[in-house]
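Quick caveat, the model's predicted, so the values are computed rather than measured. Side-chain atoms are counted along with the backbone in the values below, which use heavy atoms only and exclude waters and symmetry mates.
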Amino acid sequence: MKQSKERRWRIATGDTAEEERLVREIGVYPVVAKLLVNRGLGSVKDAAAFLRGTMDELPDPFGLKGMEKAVATIEEAITNKVPIVVYGDYDVDGITATSLLYRFLKRCEADVTYYIPERQSEGYGLNEEALEHIIERGVGLVVTVDCGISSYDIVEGVRQRLQMIITDHHNAPDQIPRAAAVVNPKQPGCMYEDKNLSGVGVAFKLCQAIWHRRTGLSYREDLDIVALGTIADVVPLVGENRIIVREGLRKMEESPNLGIEALIKVAGLEGRKLNAGHIGFTLAPRLNAAGRVTHATRAVELLTTTDPQAAVAIAEELQATNTERQMIERSIYEEAHRDVLNQGESADKVIVVAGEEWHPGVIGIVASRLVEEFYRPTLVISVHDGVGKGSCRSIENCNIYEALKSAEDLLIQFGGHRQAAGFSIAVENIPALRERLTAYCEEHLSSEDYVPIVDIDALLETEEITVELVDQIETLEPYGMGNSTPVFALPKVTVRDVYLMGQQKNHCKILLDTEGAPLDAIAWQGEAYHREIFPNQTVKMAVTLQKNEWQGRISPQLVIQDISPMERQRARLTENGLREMYLVVKSVFRSATAPRYIVENEVIHHHPANQSDREAILSLDVFKELGILKEETSPDGMMLYRWCHIKEKLELITSLTFLKYSS
C-alpha cells in the first residue's frame, strides 16, 4: 500500500452580491469579503460581529439553563464553608477547566480542592470509587467540569450523600443526571444561543455568573487559560469562542499566567506573536503529555501555582514528559506503519493495526498520523491481557462511529462521533472486525472518497499577493475549526528556481516568476518536490499566505499545501547523456573557486543542452550512488557536493544503476 499524492481541489463558489456588499459597507478587500462569505458570514451584521466583536458583547451567562441554581448552590457552599471539589478530566480542556474554576473559587475564598481521574486505571469522567473517596473526606459539593452529563447512574448512587453540579459541553443523553444543577448548552430546554462552548468555556460562564452576582462586574481574569483549553478542544472558533480566544491570546503575550509563561519559554515561543497554531501544536501537547504518560494533576499544578520557580520546574518536567511521549509515539508509529505496508491490499479500504502493550495514551495520535499519510479510516489497537483498547480516526466521507456500530456485536464497548471514536475488543475478534469494517467501507465509500480534499477559498493571481493583502487576511485570525486558515489557488504559475533548505535539507523553497521580484513558496517537509518540480515548469499551487521578515524587510510568503505540474516532464537517461553530465560536473569542479565543494544548482544550471533539469538531477543521483559525488551539508545549512576520485572508467559502471534511474 502506498501513499497517494493525488489531491482533489474543492473550490468555494461564494456569492458575488454578498461579497460586493461587504466590500462596500465594511471596507474589506474583495478577497476578504469572499472569505467571510465562504464562512457563512455574508450579512453585514454577522461579518462585522465576526471581525469586531468584543467581550462586552458576550451572551449573558444566566441565559444558560441551570445557571441560577448552580450559582446559588455554590454561593451557599462558600458561605457555609462547605468543602468543594472541582472534578475534571485529563485532556487539555478538562485540565484548563479544572484550573480555571479552582483558581476562581480560591479567589472567592472557598474551601476548594480538585480531582482528575488517572487516564489508564480510571478512564474518562465520573467514577464511583473516586466519588466514594471524596465523600469519605467530608466533601459536601462536587462541581464537574468537562464531564458528567452521561453519568446518570453514578450521580444517582451518591445523590443522597453528596451535592453535585454538572457543568459539561458534550452532547446530552436522553436521561440527564438528577444533580443539584446541570449547566450544559446542549441539554434539552437550554435556549443559550452559542452551543459551541468547550468545557473550559462553560466553566468560564459559571465564573462570569458568580462574579457578576457578587460584584455586578464582568469577570475577565484567566482568559489565557480559557483560550488554551478552547483551542485544544478543537471547537469552532466562531462566535463567543472566537472573542475569548482572541482576548486570551492577547493576554498570553501581555501578562500570561505564571504556568503558561513558563510553558511558552520551554517550548521556544518566547517573544513570538502567538496564534492558535502555537497553542494547538506546541503548548497543548505539553499539557496533554501529563495525562497521556504520567498524571494530568501535574498540569493543573502548573496552571494554578503562584510560585515562579515552581512554574519553571513543572514546565521543564512537562517538556521532558512530552519528549518521552514523542519517543513512545514514534516507536509505535513506526511499528504500525510497517504493519500497514506489510498488509498491502488488505489495508486499501480501512487500516486496522494492533500491538501488544502499545501505550494507550498515544494511539489516537498514531491513528491521526496514519490517516494523514494514507488517507484511510484507521483503527490503532493496544492489546493488554487479551483485550484491545482501540482509537479510531477517519476521513471526511466515512462516519467511523456508524462503521463501529455495524460491528458492535464484536465489540465490548464503543463510543465517539463521526471523525473519531474509541472502543474495546477481545483480541480474538480483531481479524473479524477488520473484515467487517472492510465490507462496510466497500459498501459506503467510493474510490473518490479515498482521495484527500484540499478546500480552496479563492483563486489568486501572483500580482495580487502583497503584504497589504496578508495584513487584511490576518484580520480573520484566530484560525481553527469553523474558521480554517484560508487556502488560495494559483492556477498557473511559472517556476523560476527550486532548492532545498533547512539543517536537514527536508524543506523545499520554490521561487515563482512574477513581473517584479520572485515570490517565495515554502513546502515544509517537502523535500520530495525537489525531484518533481523544476525551473521553467508551469505548475498549479494551493497555498496559504504569511509574512516573511528578513533583515528588516517584510515580504509575502506562500506556504504550499499542494502543487502539481501542468504537464509532467518525462525523463530518460542514456549512457551518452550520463557521460556528458559527467564532463559537466568535472568542468564545474575545476572552475570552482573552492574546487572541493560545489552547490547542486551550479551543476544543474550547466547541464548539457540536450538534457532536461529532471534528467540532470537524476544524473547527479546516479553519480552519488556510484560514489563519484558525496553529498554534504555546509555549516550554514547549504547542500554541497564533494568530488570523489574513482579509478574505474564511467562506461564500465553506469550500467549498475542505469535501469533504476530510467523512466
Side-chain angles (χ1 to χ4, degrees), residues 1-6 119-120 123-124 292 325-453:
M1 181 178 179
K2 296 182 179 179
Q3 178 184 12
S4 172
K5 294 181 180 179
E6 183 185 0
R119 187 184 195 115
Q120 312 309 334
Y124 166 77
R292 293 184 184 278
R325 187 270 305 169
Q326 289 172 329
M327 292 174 62
I328 294 169
E329 175 198 323
R330 187 179 302 114
S331 174
I332 295 172
Y333 170 77
E334 289 172 354
E335 190 176 341
H337 186 269
R338 285 194 298 271
D339 191 2
V340 174
L341 296 180
N342 290 336
Q343 288 179 31
E345 292 182 1
S346 63
D348 278 352
K349 300 299 180 183
V350 61
I351 292 172
V352 180
V353 289
E356 287 284 344
E357 304 299 338
W358 282 353
H359 197 300
V362 303
I363 57 175
I365 303 173
V366 172
S368 294
R369 289 185 61 185
L370 292 174
V371 171
E372 185 177 335
E373 179 168 0
F374 296 105
Y375 203 68
R376 299 289 186 274
T378 299
L379 291 74
V380 179
I381 305 170
S382 170
V383 177
H384 176 74
D385 289 342
V387 176
K389 179 179 180 181
S391 188
C392 316
R393 298 294 183 270
S394 197
I395 60 179
E396 180 169 301
N397 289 334
C398 179
N399 186 327
I400 198 65
Y401 178 83
E402 291 297 326
L404 287 178
K405 193 172 182 180
S406 74
E408 63 182 323
D409 57 301
L410 300 173
L411 307 175
I412 298 170
Q413 61 180 18
F414 74 101
H417 50 82
R418 183 179 183 86
Q419 294 296 298
F423 65 94
S424 56
I425 186 172
V427 68
E428 61 268 20
N429 286 339
I430 293 176
L433 176 65
R434 180 184 286 109
E435 291 180 9
R436 189 80 63 84
L437 295 181
T438 297
Y440 177 92
C441 290
E442 286 177 343
E443 180 182 351
H444 291 86
L445 301 180
S446 68
S447 58
E448 191 177 64
D449 292 327
Y450 289 102
V451 180
I453 296 170

From His359 atom NE2 to Ile365 atom CD1, the distance as rounded to the nearest 0.5 Å: 10.5 Å

Can you tell me how far CD1 of Ile425 sits from CD of Glu408, rounded to the nearest 0.5 angstrom? 12.5 Å

So, for Cys392 and Leu404, which heavy atoms are closest and what is the spacing to 0.1 Å? SG-CD1, 3.9 Å

Can you tell which of Val350, Asp449, Leu445 makes a side chain to side chain contact (heavy atoms under 4.5 Å, CB included) with Cys398? Leu445

Rounded distance (nearest 0.5 Å) linking atom NZ of Lys389 with atom OG of Ser424: 9.0 Å

Between atom CG of Asn399 and atom CD1 of Ile395, what is the distance when rounded to the nearest 0.5 Å? 11.5 Å

State, with a plain yes or no, whether a side-chain heavy atom of Leu341 is found less than 4.5 Å away from one of Phe374. yes

Have Glu402 and His444 got a donor and an acceptor in their side chains that come within less than 3.5 Å? no

Show me the side-chain donor-acceptor pairs of residues 426-437 shorter than 3.5 Å, one per line, residues at least two apart or across chains.
from, atom 1, to, atom 2, distance (Å)
Asn429, ND2, Leu410, O, 3.3
Arg434, NH2, Val352, O, 2.8
Arg436, NH1, Ser406, O, 3.1
Arg436, NH1, Asp409, OD1, 2.9
Arg436, NH2, Asp409, OD2, 3.1

Just by distance, do the side chain of Tyr401 and the backbone of Gln419 share a donor-acceptor pair under 3.5 Å? no

If you look at every heavy atom in Asp339 and Ala354, which pair is closest and at what distance? OD2-N, 4.3 Å

cation_pi(Arg369, Tyr333) dist<6.0 Å, angle<=45: yes

Side-chain heavy atoms of Cys441 within contact of Pro377, under 4.5 Å: yes

Approximate separation, where rounding is to 0.5 Å, of Ile363 CD1 and Ser382 OG: 5.5 Å

Side chains of Leu379 and Phe423, heavy atoms from C-beta outward: is any pair under 4.5 Å? yes

Can you tell me if Glu396 and Tyr375 form a side-chain donor-acceptor pair at under 3.5 Å? no

Tell me, do Val353 and Ile351 make a side-chain contact under 4.5 Å, heavy atoms counted? yes

Is the backbone of Ile328 close enough, under 3.5 Å, to the side chain of Ser331 for a donor and an acceptor to pair up by distance? no

I'd like to know if Arg325 and Glu329 make a salt bridge, using a cut-off of under 4.0 Å between side-chain N and carboxylate O. yes

From Asp385 CG over to Glu356 CD, what is the distance, rounded to the nearest 0.5 angstrom? 8.5 Å

Measure across Ile400 and Ser394 and return the closest heavy-atom pair with its distance rounded to 0.1 Å. CB-CB, 3.8 Å

Tell me, do Glu372 and Arg393 make a side-chain contact under 4.5 Å, heavy atoms counted? no

Side chain proximity check, Tyr440 to Lys349, heavy atoms < 4.5 angstrom: no

Is there a side chain to side chain contact (heavy atoms under 4.5 Å, CB included) between His384 and Trp358? Walk through the geometry before answering. CA-CA 8 Å; His384 176 74; Trp358 282 353; over 6 Å; no

